[in-house]
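Let me begin by presenting the structure, written as structure tokens, before commenting on it.
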Amino acid sequence: MNTDNIRKLLDKFYNGETDAAEERILEDFFLKDDVPSGFETDRKVFISLAFLKDEKDIVLPEGMDKRLSEKIDMLERQEKSGRRKRYTLYRYISGVAAAVFVGVCIHWFMDADKDNGRMKDTFDSPQEAYEATENALQLFAEAFNKGDMQVEKAREATRNIKEKIDNIKNFRK
């Protein structure tokens with residue numbers, strides 16, 4: 001059997017959609033010695049399943065089927081009761097309330113900084129404002145130059161690495 005058909009059967013198998021005949025085809029394929037590469041993991045799965053199939057001493061814990069069916073029933077009841085809908089509605093309402101709260105806080109803080117609709121001045125004279133602006137721009141220029149030097153170092157390192165890679169590529173030719 002070709003690998004495309006095996007892949008399709010595997011997809012069906014892992015989705016729980018195979019019948020007994022298709023599972024037997026997969027089992028026969030994977031229990032052979034010459035399985036194509038790329039199917040090693042699937043082969044291990046089918047070898048384990050074959051081992052478990054032959055094992056007769058597998059004992060399930062007592063009352064496991066009862067606990068499983070009770071859990072399934074409980075989940076069905078929760079789904080039917082609409083509990084999730086109320087929880088979703090609660091999350092929606094709390095999200096809207098949080099957004100309104102953030103908006104009110106922003107508005108309140110913005111009004112606290114204003115004086116009759118105008119922003120407050122931070123300097124008494126234009127000369128002081130000019131000097132502070134000049135100092136701030138000087139600090140920005142120094143920081144920018146430091147960052148620019150780091151970028152230039154990175155560019156140089158990149159150029160060196162690229163040259164080495166090119167040399168390796170040329171060496172292989």
Side-chain angles (χ1 to χ4, degrees), residues 3-19 22-23 26 38-46 48-49 52 58-165:
T3 57
D4 291 334
N5 290 342
I6 293 297
R7 288 187 201 284
K8 288 177 185 174
L9 283 176
L10 278 173
D11 287 340
K12 285 178 69 175
F13 177 79
Y14 288 128
N15 288 328
E17 301 169 350
T18 53
D19 57 19
E22 291 170 329
E23 289 178 15
L26 287 171
F39 289 108
E40 292 85 15
T41 306
D42 299 308
R43 183 170 193 257
K44 289 177 185 176
V45 168
F46 278 91
S48 298
L49 289 175
L52 289 174
I58 298 175
V59 178
L60 295 176
E62 192 172 312
M64 183 175 175
D65 57 343
K66 183 180 177 185
R67 289 193 311 254
L68 281 174
S69 67
E70 287 173 356
K71 184 71 170 177
I72 291 170
D73 292 341
M74 181 189 68
L75 291 173
E76 285 179 355
R77 276 183 268 139
Q78 282 180 350
E79 189 174 306
K80 288 179 182 177
S81 70
R83 183 176 177 200
R84 287 186 172 170
K85 291 178 186 175
R86 281 184 265 148
Y87 181 69
T88 304
L89 181 63
Y90 172 74
R91 287 179 57 192
Y92 175 75
I93 290 172
S94 63
V96 169
V100 168
F101 177 73
V102 168
V104 168
C105 288
I106 289 173
H107 179 70
W108 184 65
F109 283 116
M110 293 297 282
D111 278 347
D113 288 340
K114 293 182 180 179
D115 182 27
N116 294 331
R118 292 179 45 192
M119 298 296 284
K120 294 180 183 177
D121 285 335
T122 54
F123 294 100
D124 293 332
S125 71
Q127 185 62 31
E128 288 179 33
Y130 175 77
E131 289 172 4
T133 304
E134 194 174 66
N135 287 338
L137 289 173
Q138 184 63 35
L139 287 173
F140 175 76
E142 289 172 6
F144 183 79
N145 287 337
K146 285 181 185 177
D148 194 35
M149 283 189 258
Q150 295 298 325
V151 169
E152 189 56 41
K153 286 180 185 178
R155 283 186 186 139
E156 185 63 32
T158 304
R159 276 189 224 111
N160 290 339
I161 292 170
K162 186 176 181 203
E163 287 175 8
K164 289 178 182 178
I165 290 173

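Remark: Asn160 pairs with Glu156, Glu163 by the side chain to side chain contact (heavy atoms under 4.5 Å, CB included) rule, at least two apart or across chains. The salt bridge (charged side-chain N to carboxylate O under 4.0 Å, His left out) test applied to Glu152 returns Arg155, Arg159, not counting sequence neighbours. Partners of Lys12 according to the salt bridge (charged side-chain N to carboxylate O under 4.0 Å, His left out) rule, which considers only residues two or more places apart in sequence or in another chain, are Glu22. Asp73 pairs by the side chain to side chain contact (heavy atoms under 4.5 Å, CB included) definition with Glu76, Arg77, not counting sequence neighbours. Gln127 pairs by the side chain to side chain contact (heavy atoms under 4.5 Å, CB included) definition with Ser125, Tyr130, Glu131, not counting sequence neighbours. With sequence neighbours excluded, the residues that form a side chain to side chain donor-acceptor pair (under 3.5 Å) with Glu23 are Thr18. Judged as a side chain to side chain contact (heavy atoms under 4.5 Å, CB included), and not counting sequence neighbours, the contacts of Ile165 are Ile161, Lys169. Every residue two or more places apart in sequence or in another chain that forms a salt bridge (charged side-chain N to carboxylate O under 4.0 Å, His left out) with Arg43 is listed here: Asp33. For Phe13, the ring pair (Phe, Tyr, Trp, His ring centres under 6.0 Å) test picks out Phe46, with sequence neighbours left out.
At least one donor-acceptor pair under 3.5 Å links the side chain of Asn145 to the backbone N or O of Ala141.
Rounded to the nearest 0.5 angstrom, Leu75 CG and Glu70 CD are separated by 12.0 Å. Summarising the geometry, atom CG belonging to Leu10 is positioned 11.0 Å from atom CG belonging to Asn5; distances are rounded to the nearest 0.5 Å.
A 4.5 Å side-chain heavy-atom check between Phe101 and Val96 finds every atom pair outside the cut-off. The shortest side-chain heavy-atom distance between Leu137 and Thr133 falls under the 4.5 Å cut-off.
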For this session: Go through the steps for Tyr14 and Val45 under the test side-chain contact (heavy atoms from CB on, under 4.5 Å), then give the verdict.
Result: CA-CA 11 Å; Tyr14 288 128; Val45 168; 4.1 Å; yes

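Of all heavy-atom pairs spanning Ile6 and Leu26, the tightest one is O-CD2, 4.1 Å.
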